[in-house]
Every structure is written in structure tokens, then in C-alpha cells.
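Okay, here's the structure, questions in a sec.
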Amino acid sequence: MEEYNAKELEPKWQTYWAQNNFFKTKMDKSREKYYVLEMFPYPSGKLHMGHMRVYSIGDVLARFLKMRGYNVLHPMGWDAFGLPAENAAIQHGADPAEWTASNIAAMKEQQNALGLSYDWDREVTTCSPEYYRWNQWLFLLFYKNGLVYKKKAAVNWCPSCNTVLANEQVVDGGCWRCGSEVAWKELEQWFLKITAYADRLLDDLKLLEGWPERVKIMQENWIGRSTGTDIVFTVKETGDELRIFTTRPDTLFGVTYMVLAPEHPLLDKLIAGNPQEEEVREFVRQMRRESEITRTSAETEKVGLFTGAHAINPANGEVVPILVGNYVLMSYGTGAVMGVPAHDQRDFLFAQKYNLDIRVVVNSPEKDLTAAPLTEAYEGSGVLVNSGKFDGIPNEDAMKAITDWLVEQGKGKYQVRYRLRDWLISRQRYWGTPIPIIYCDNCGPAAVPEEDLPVMLPVGLSLTGRRSPLVDSADFLHTKCPRCGGGARRETDTMDTFFCSSWYFMRYADPKQDKAPFSKEKVDYWLPVDQYIGGIEHAVLHLLYSRFFTKFLYDQGLVKFQEPFQRLLAQGMVYKDGAKMSKSKGNVVTPDEIIDRYGADTGRLFILFAAPPEKDLDWSERGVEGCHRFLRRVWRLFIQNLDLFDRVGKATDKLPSLGQEEKELQRAMHAAIKKINADIEERFNFNTAISAIMELVNAAYSYFNETTPERRESFSPLLCRVLDTIIILLAPFAPHISEELWHRCGHEESVHQQKWPDFDPRALAVEEAEVVIQVNGKVRGRILVPVDSTEDELLERARSNERVRPYLEEKEIVKTITVPGKLVNIVVR
RNA sequence: GCCGAAGUGGCGGAAUAGGCAGACGCACUUGACUCAAAAUCAAGCGGUCUCUGAUCGUGUGGGUUCGAGUCCCACCUUCGGCACCA
């Protein structure tokens, strides 16, 4: 018998699909669309198992939905700007553009070898001028709307990548890409005002019903909204206003000191001429050397220094010392805080250390806190004391009462603050989208006029690794001022690559458009993405930025949707031997190896069968072999029974009425269809969908073992239907073997163009069902009963069952519970 | 410390609305075929015991219920996120 040979048949069908333009997608307003998207990769040149997993998931969905009748958009592209290309250039003298292009070609070949159903006509490559031109266009749109600004700020600097990083790109104090410890640098940088959208980014998380809860919570934490009050204190010595933010305005009368961030603008003036001046200056210098990350880590001890100045509490006129402290951040709130040691544990420890006053202003309902010195801060609720006219008010009410009172006097206002900071988008690197800004000594910074876009990234520069070659490229640097026409120079910073990936999913709708980023009509039809699939590592990077872009484009009237991704699937990681695959551990298995040894179908099947998509997966060579064995088993089932298919059409009209075995097989088929539909559509549980196909194949084998060839021949139309259905059900998971067997069975057109089957509830209906009999909740017997039995009949049969009877003897039946068609429970005493 | 997810056979995992715990697969055991092996096919496969049956069993301890892997309370362990955000 002919053996299953994946190596031979897989390339054959890949070519067939490509030549017949199987995966080309056209806009068709008469049909319902479905947009399936996997996060596009960085073209590193090599596909790893994580890629294989995410693409396999997406491909099953795309193929399944296509067979369900949707007009499916399933594109692929390249997040092609970024550091590795540039580093390869520095280390091996490669040309970043060529290096990237050859990596793309290599990866695309691997993707095609996996049998992925992409519409390659829509391929998007972010490092091509046709794409990054629209990055620049969008940058200018943000700029015109006041959402891009340049400011000098202390920013995260990765010494190894030689560039700045956004807050989201600092992970545990290190660079997200290379892990190097991030330093602190004062630089003038471009920022995107994502904080202007903080509220909407937070509130609209509620709309994302198809997102995993954990991702939404991560974004919520990252945005970190707190509502409170801004309160204005007065500096006693200078009369300056000192503004702080607090979420506990009810404790205002308990303030015993104030603390400023080392970078606070008032500090210089406050210490001038004081005995503490030099000491404070030294402290500030020291703080500026440390990054915000190390300075504010939980392990770092709080340090404070008296400035010599004092503040006047607007509530009671009290004079309290002003300190400077390492733990106060200039980048959050106003860069200054009030200290209430009695009601904040951090303040309490700080006050103990520096011997500052501790005054109770919220009394505990359980214990009078004013009686003895506190041993820890009281952060709970209670009634106000030592708070003038607010004494006796519950502290929750006092928050509003005190704030209202401050507002009346012009000493405060309600305020909402966020942990989220503006997105730093400039990078001091070469391989990225040039920021379209021109600096003129006479006119200042100016936007590059739209008709001059794209600002081309020059090629053929030599890269030294010391600094961006754009800085040294006279051709690039020197230009004319768009306002006065005089000599001017270009911005040499490029954009963070996350800028590119924040809208690429819209470009797929209209990838060749050269008048705009995309045509409204096409984006209106295809977007939003119905199902997005990717790694959890982008929970607050790409996924937050893309939501921000979408909301901005919505405000500009360019798109009609406010959220880019309807449903999100965060797929788990691929492990082997309990550890992440890595070269150093020597536990790497590559998609290439698997395709070579077993074929793409086996690899896809294993990766989908071994675990549900959102869970981590442990790679198992034995498991892969098991899946390969299953495909061979399917292969044999068909190849050995091809003669059945020859008879189709001849005997259809005189099919004898079905025997018990045929009915069972038919029921097994409909049960499998029902389960698989639910598993794919509602739950993404591909692992159980595949096990349902296995069960159906097992049922078919059982039938073939139990019946004679003559009998099978007389039922061949039914058997053909069952076998056809097996191929169709298998097609999204293992597309090549399915196509091969489909054609071998005598079909002309592709299996992937078949209509997906629906189950027939009538075929699923059974005449008799097995019912479990319990006595006091324990299974004591099973009976086969007609499904239309009444409750009384059921009970009677249960009671008289010989296995059950002994448990009922000399007992009183207290109660019975029946679940129709399933179970009877008799409660006895 | 705070927030979240998870904990089921030797292993990956299943049990979708509180109703037969362990589907499907792997590994293993036995048998058939074979000179033999591989492949394939068939059967078995949670623990314990007095083994045609009984009993225990879903991280631990309690609870709700006729009935709990599933719901509630407390705890343990593992993983992930946040971590002086005022």
C-alpha cells in the first residue's frame, strides 16, 4: 500500500493553492467579512516554535471561517525596522535593507512551507518608503493636533542599544530588548501625548468583551488612574505656591511635613542662602546620577533632607518643614507630596526615622488612637478629629467636604492623575522612520510639508555603532527651511518601531494605496480586526499603543471604530523539558526540523493538540510522533477503501435502511461535527476539536472492523459521506493531507472550498439513553431506558434494578431527584 | 506587599449550566501478525483491599447541596503582572 508521504505532497498543494490564487481576498459588501490577524513578526530570518504556534492558530481559524462562508481577510507582513538589522550592519558590515530583505524572503519561505493561507498580495513591510511615508504622515497629523511635542526630560537610556526607551519598554529596570540596566539621561525628545487619551483607554476596556481579563487588568494597572485633590500650600519664607496632589484630602489636618522631588523647580529658590544649601545640592547631584528605577525601587531606603524652608497648611495655617526626598517623583503628580504619618504607613516609617510629628486626624471606630502613641499608621476609615470644623465627620464624607472648602478658597481643586506617562517616540538610531521635522535657525522647528513626504531614509551609509550615521550624513542633514527657504537641518532621530506597528493592521485593508494611509471605504469594510492573536508580552506595549492610534484616527474621522481588536487571543509559550527553548539550554526544536521529519501537517496538528492555545505548551517528541501516527492512520483509512468511492452515484437511490452499526457511525459523525463547531467557534479549544476528529476516525475503524465488505458496499453512500466529512473536519488543521485525500476520493475542486458541515439534531437523537442511578449521591447502577420515559417510569425501573435494590432495603426513601436522560438519585434514610 | 491565573493518573490534557472524574493522545503491559524486529491490529492501564465487588481519590482544611474537580470561606504551592504613583 502507498505510504503517507508528507514531504512529497505538501509542496505540491502549496504550489497548487498559490497558482490558483486560493487565498486572494477581495472586498465584497454583499458578504460578511471576518478579519483574522496574527501579530506580524520582526524579520529575524528564522521562524521559531512561538511563530509556528501563533500562525497555526490563526490559520485554522482563517480556513475554518472561510469554509463557514465568511469573506476572510488573513494577511501577513513585517515589522521590519529595528535594531537587529542595524547591529548586523555594525558587526558584519551587512546592509540593513538587504539583510532585512533576505530575512523576509527566508521567513516567508518557511511560512509557506507551513501551508499558511495568507493573501500575499497584501503583504506590508514597514521599512519600505511606501509604508513609512504614512508613518510620517500620521506623525504630522498628531503634530498638527498638538499631540506630538518635544521636551527636555530625564529619560530612560539603554547604554547597550545607544538609545532612549519608552516607559513601557523598561522591564524590571532593564531594556526590554537586551536586558541591560537602564540609565537616566536628560535629553530633548519627541513625545506622543498618549496621556490625553488615558481616560478613554481606561474606560473603553469595558467594551473589550473578547479580551482576556488579565490583559485588561494589566492595561488598567498601567494606566493607573487615581482621583484626588490638588492642594496649594504656601512657602513661608518666599511666599511661593507649593502645589501637591493627594488621594486623601481628608487627612489634610494631619500634615506634619512636606517632601519635594530632587528635580522640583522650586528647590533652588528654597535652599538659597540656607545653612543646608550645600548639603541639599550634593544630595540632588547624587540623585540625578541614579535612574528613577533604582531610586524608587521598593528596596531602596527612603532618604529625606531638610531644606531649611517651611510650608503653611491652607487648612489650619500651621507651619511644617519642607524636605527633599529620593522617593518623590517629578514625573508623577506635581513632584511634591504632603506627609501624613498617622494615616500612611510609608509616611509613618519616614516620620519615625526623621523624628517628625505624628498626628491622628481619623479616629478608628474600634480603638481610640489619640490615647497612646501609634505603632503603625491607621489607613482605615473613621471619624475626623483634630480637624477644626470638620471634626466628627466620617472621613469618606470629609474628602468631599474638605476639597469643596479648598475650592471655595481657591486653595485646591478636584484632580485625576495617571501613572501612564507620555510615549517617548524618538530613537537615536538609524534603521527607523525619519521624523519629518526640519530645524531652521531663524524660524525654529517646522513640519516637513506633506507633498515632500516621504523623508527618505538614506541608504548605503557606513555604520560605526558610535552614533547614528544620519548625524554624519551631510546629504540627509542639510535641507531648506519650508518657511523661509533658508538653510536648515533635518531631525536625525527616528521613530520607535512601535509607531509602525500601531496601525499596520489598517494598512492590510488597502496595502497599495498611495494617496493616503488607506482608503476609508476599504477600512470601513474590513476593520476592526475580528480576531487578533499574539503573545502576552505586548499586553501594555503594542496593544495599548494601537488602541491609542485607533482612538486618535477615530477622532480625525479616518476610521469608524474606536477599538482595533474585537477579540484577542493571547497564546501561551512553547517550552521543552519545562524550560523556554533556548540555545544555551540546548532544547531548541525548529519548525524546519519538524517539517523535514514529519511534515507541516503533523507539526500543526501537534502544536494545536498538545494544549489549549492560551496555555503554555510543552514540546514532546513522543507527542509529535503520536500525531504523525494519527495522520498515517487517517491515510490508511482512505487508501484502503478507495474502491468505496468508485461506486458513488451508482447505488445512492437504493440505500437499504440503516442497521445499528450504521446508525451509530452516523451519530458519531454528527456528534463530532457538533463538538468541533462549538470548540472552534466558541472556545478556541482546538485540542478537544482534534480529539473529536480522532474519536470519529476511531469509530470509522470500528465500523470497518465489524462489517463485511459486502455490507459496506451496500452502504457506500453513507460511508462516503462519513469519510468526506472526516476530511473536511481535518482540513483546517492538516490542510495538505486533507487536500490530497480529497482529490484521491475523486473530488475535482479543493477541500478548502467546501462548505463546512452542520450537524443534524435528528441524527443525534437517540431512542434509548443510559441513565445513572445513584443512592445518596453514589452511583449504584445504570439502566438503558427509552428517552421518552416519564419520571415515574424511570423511578420504577431504577428502584427495581437488581444492583440498586439492596441499597434500598429497609430504608425509607426521603426524596428522589431525576435529571431527564441522565440520572436518578434516590435519597434514603 | 498588592492584583491576577493555575494546581486533576507515570506524562500532555478532558469533564462547556452543580449530575458517571480521567475523553483524546503519550508512555507502559499483554496478545495477534513475523524467522525476528519495526510498522500495524486487538485488549488492558488512578490507588487500596478480603478483587464477578467494595472503598478511597481532582493542592490542604472546613462549608453549602440529594449530589462539588466545578459554588462559598480560610490556607499552601507554582507561575505572571505591578511594586515607594502620593
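Protein chains get the first letters and strands the later ones, always in sequence-line order, with residue 1 at the start of each. Predicted model only: the values in this text are computed from it and were never measured.
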Donor-acceptor pair present, A/Lys675 side chain and B/U16 base, under 3.5 Å: yes

Sugar-phosphate only, base, or nothing, as touched by A/Asn705 at under 4.0 Å among non-hydrogen atoms: sugar-phosphate

Residue whose nearest RNA chain B nucleotide is more 5′ - A/Arg683 or A/Val772: A/Arg683

Base of B/C82 paired with side chain of A/Asn221 (donor-acceptor, under 3.5 Å): no

A/Trp222 side chain, from C-beta outward: closest of B/A23, B/C82, B/G4: B/C82

Parallel, tilted or perpendicular: ring planes of A/His628 versus A/Tyr4, cut at 30 and 60 degrees: tilted

Comparing A/Glu695 and A/Ala336 on RNA chain B - which has the more 5′ nearest nucleotide: A/Glu695

Syn/anti state of B/C51 by chi, 90° boundary around 0: syn

Gap separating the CD1 atom of A/Ile676 from the CZ atom of A/Phe733, nearest 0.5 angstrom: 6.5 Å

Presence of donor-acceptor pair under 3.5 Å, side chain of A/Lys815 and base of B/C66: no

Distance-only side-chain donor-acceptor flag, A/Arg419 / A/Asn221, under 3.5 Å: no

Touch class at under 4.0 angstrom, heavy-atom based, for A/Asp616 against every strand present: sugar-phosphate

Which pairs, protein N/O on one side and nucleotides 26-31 of chain B N/O on the other, fall under 3.5 Å?
{"residue": "B/C26", "atom": "OP1", "partner": "A/Arg629", "partner atom": "NH1", "Å": "2.7"}

Electrostatic pair A/Glu213-A/Lys216, nearest N-O below 4.0 angstrom: yes

Syn/anti label of B/G9 as read from its glycosidic torsion, with the cut at 90° from 0: syn

A/Glu621 bridged to A/Arg597 by N-O distance under 4.0 Å: yes

Syn-anti status, with the boundary at 90° from 0, for the nucleotide B/A74: anti

Over all atoms of both residues, closest heavy-atom pair of A/Glu396 and A/Ser381: OE2-CB, 3.0 Å

